[in-house]
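If you're wondering where the values come from, they're calculated on a predicted model, not measured in any experiment. Values below: all heavy atoms of this structure, side chains included; hydrogens, waters and symmetry mates excluded. So that the names make sense, note that chain A is the first sequence line, chain B the second, and so on, each numbered from 1.
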2 protein chains.
Amino acid sequence: MERIVRKYRGKGFKLTPQRIAILKFLEGNTSHPTAEDIYTEIKKRYPTVSFATVYNTVQVLRDKGELLEITIDPARKHFDPNPAPHHHIMCTGCGRIGDVFVDYSAALNLPDEVTSQFTTTGNHIDFYGVCNACRTKNIN
Amino acid sequence: MERIVRKYRGKGFKLTPQRIAILKFLEGNTSHPTAEDIYTEIKKRYPTVSFATVYNTVQVLRDKGELLEITIDPARKHFDPNPAPHHHIMCTGCGRIGDVFVDYSAALNLPDEVTSQFTTTGNHIDFYGVCNACRTKNIN
DNA sequence: TTACTAACTTAGAATAATTCTATTATAGAA
DNA sequence: TTCTATAATAGAATTATTCTAAGTTAGTAA
């Protein structure tokens with residue numbers, strides 16, 4: 001019995017071969033892949049896999065709290081298999097996305113004009129920057 | 001001469017009637033409209049206006065630093081005519097977006113494993129919550 | 001004031017991301 | 001082993017956004 005199967009069985013969704021392949025690809029993956037990235041990878045082993053399967057699976061995983069959907073890139077969604085709340089930084093040059101594992105919640109006090117209108121439940125920070133590779137490129 | 005024209009002329013883009021209508025609609029607008037919201041509004045006065053004009057205009061305004069593009073809603077882009085850096089809070093019930101005019105930058109120190117990889121240039125916080133209207137609805 | 005042209009508007013086609021549908025297949029419960 | 005709810009698939013549909021080609025115009029400069 002595979003480790004992935006052990007980890008995810010009994011969570012309320014079926015573990016099909018395609019899903020196991022998606023879970024394996026995502027396991028420990030810090031590249032923040034898009035749906036197309038996942039599709040391209042799974043297609044190598046399951047050439048008939050469809051986008052519907054990829055989208056269905058990431059939706060199930062999101063709903064079960066096993067995956068985060070990231071909105072930092074205005075062009076498309078990225079996914080993060082680490083469901084622990086954390087933040088992200090995107091390189092404005094190449095689009096690479098990195099993780100920021102710091103909880104800033106204690107510092108993020110909201111003004112009265114906001115707390116009087118909303119009950120806050122969470123926060124996510126998008127940091128923007130330039131990665132080393134892109135900075136080097138621009139210097140030369 | 002209208003105030004909008006006075007404010008935006010000489011900024012490097014032509015002020016057409018459609019653009020003036022868009023700028024008027026956006027002026028002081030805190031509803032964070034989508035492209036469709038803008039299109040629907042401008043269509044009232046200019047029935048032949050096209051989506052291309054709306055998208056072209058918001059792109060020009062974004063490039064000129066007169067408008068922010070907001071990614072807090074995974075479903076579609078929203079626009080904010082206040083270009084001063086600030087943050088947003090979205091109601092997870094109805095999708096309403098509010099502004100948060102606090103600069104938290106001083107508190108957002110990044111760990112070494114991030115600063116060694118990225119030179120940070122900015123940040124934007126997505127707060128999530130429930131607005132009063134939605135909270136009341138759920139109680140009843 | 002007029003003439004000019006780069007920039008703009010428009011309708012509609014194209015693209016890209018995502019979702020839906022109908023059908024067939026299967027994981028996992030009984 | 002059987003059964004059925006759930007999932008996979010191909011492909012159509014939908015939605016957001018961008019592109020294209022043709023006609024129009026804002027704003028510059030004579």
Side-chain angles (χ1 to χ4, degrees), chain A residues 1-2 4-23 25 32-64 66-67 69-79 95, chain B residues 1-2 4-23 25 32-64 66-67 69-79 95:
Chain A
M1 179 71 75
E2 305 183 55
I4 291 284
V5 175
R6 251 180 279 127
K7 178 171 175 186
Y8 289 102
R9 74 181 159 193
K11 298 248 178 177
F13 55 94
K14 288 188 180 179
L15 283 173
T16 64
Q18 294 87 342
R19 287 186 173 179
I20 292 167
I22 292 173
L23 288 165
F25 173 59
H32 306 91
T34 64
E36 187 173 18
D37 294 334
I38 298 170
Y39 173 74
T40 301
E41 179 64 24
I42 305 313
K43 212 172 169 59
K44 290 178 188 168
R45 194 175 292 244
Y46 296 95
T48 65
V49 75
S50 78
F51 262 108
T53 295
V54 173
Y55 280 106
N56 176 53
T57 299
V58 295
Q59 186 183 309
V60 164
L61 293 175
R62 194 211 319 125
D63 293 350
K64 299 293 181 185
E66 303 288 340
L67 177 99
E69 192 177 282
I70 299 171
T71 62
I72 194 171
D73 177 359
R76 59 189 61 77
K77 286 178 194 164
H78 293 252
F79 299 96
Chain B
M1 177 74 76
E2 305 185 55
I4 290 284
V5 175
R6 251 180 278 127
K7 177 170 176 187
Y8 288 102
R9 74 182 159 193
K11 298 249 177 178
F13 55 94
K14 288 188 177 176
L15 283 172
T16 65
Q18 295 86 344
R19 285 186 175 179
I20 293 168
I22 291 172
L23 288 165
F25 174 59
H32 307 91
T34 63
E36 187 173 18
D37 295 334
I38 298 171
Y39 173 76
T40 301
E41 178 64 24
I42 305 313
K43 211 172 171 58
K44 290 178 188 168
R45 195 175 291 242
Y46 296 96
T48 64
V49 75
S50 79
F51 263 108
T53 295
V54 173
Y55 280 106
N56 176 52
T57 299
V58 296
Q59 187 183 308
V60 164
L61 294 175
R62 194 211 319 124
D63 293 350
K64 298 295 181 183
E66 304 287 340
L67 177 100
E69 193 177 282
I70 299 171
T71 62
I72 194 172
D73 177 359
R76 58 189 61 77
K77 286 178 194 162
H78 293 252
F79 299 97

Do A:T34 and A:D37 get their side chains close enough for a donor-acceptor pair, meaning under 3.5 Å? yes
Which heavy atom of [X] sits nearest to which heavy atom of [Y], and what is that distance?
| X | Y | result |
| --- | --- | --- |
| A:S50 | A:Y39 | C-CE1, 3.9 Å |
| A:I22 | A:T53 | CD1-O, 4.4 Å |
| A:Y46 | A:A21 | CE1-CB, 3.8 Å |
| A:I38 | A:V58 | CD1-CG1, 4.0 Å |
| A:K77 | B:P74 | CE-O, 3.5 Å |

Using OP1 and OP2 only, check whether a side-chain N or O of B:N56 sits under 4.0 Å from C:dT9. yes
Distance test, side-chain N/O of B:T53 to OP1/OP2 of C:dT10, below 4.0 Å: yes
Tell me the interatomic distance from [X], atom [atom1], to [N], atom [atom2], rounded to whole angstroms.
| X | N | atom1 | atom2 | value |
| --- | --- | --- | --- | --- |
| B:Y55 | C:dA11 | OH | P | 16 Å |
| A:R76 | C:dA16 | CZ | P | 10 Å |
| A:D37 | C:dA17 | CG | P | 10 Å |
| B:Y39 | C:dT9 | OH | P | 14 Å |
| B:Y46 | C:dC8 | OH | C1' | 14 Å |
| A:E36 | C:dT18 | CD | P | 10 Å |
| B:Q18 | C:dA11 | CD | C1' | 14 Å |
| A:R62 | C:dT18 | CZ | C1' | 12 Å |

Got A:Y8 and A:K64 here, is their nearest side-chain heavy-atom distance under 4.5 Å? no
In the 5'-to-3' direction, what one-character label does each nucleotide of nucleotides 25-30 of chain C receive under the scheme B = base within less than 4.0 Å of a protein heavy atom, S = sugar-phosphate only, - = no such atom? -BBS--
Earlier contact from the 5' end, DNA chain C, for B:G12 and B:T48: B:G12
Examine distances only and state if a side-chain atom of A:T57 and a backbone atom of A:R19 form a donor-acceptor pair shorter than 3.5 Å. no
Expected output: side-chain B:H78 to main-chain B:H32 donor-acceptor under 3.5 Å: yes
Walk along DNA chain D from 5' to 3' and tell me the first and last nucleotide with an atom closer than 4.0 Å to a non-hydrogen atom of chain B. D:dA16 to D:dG27
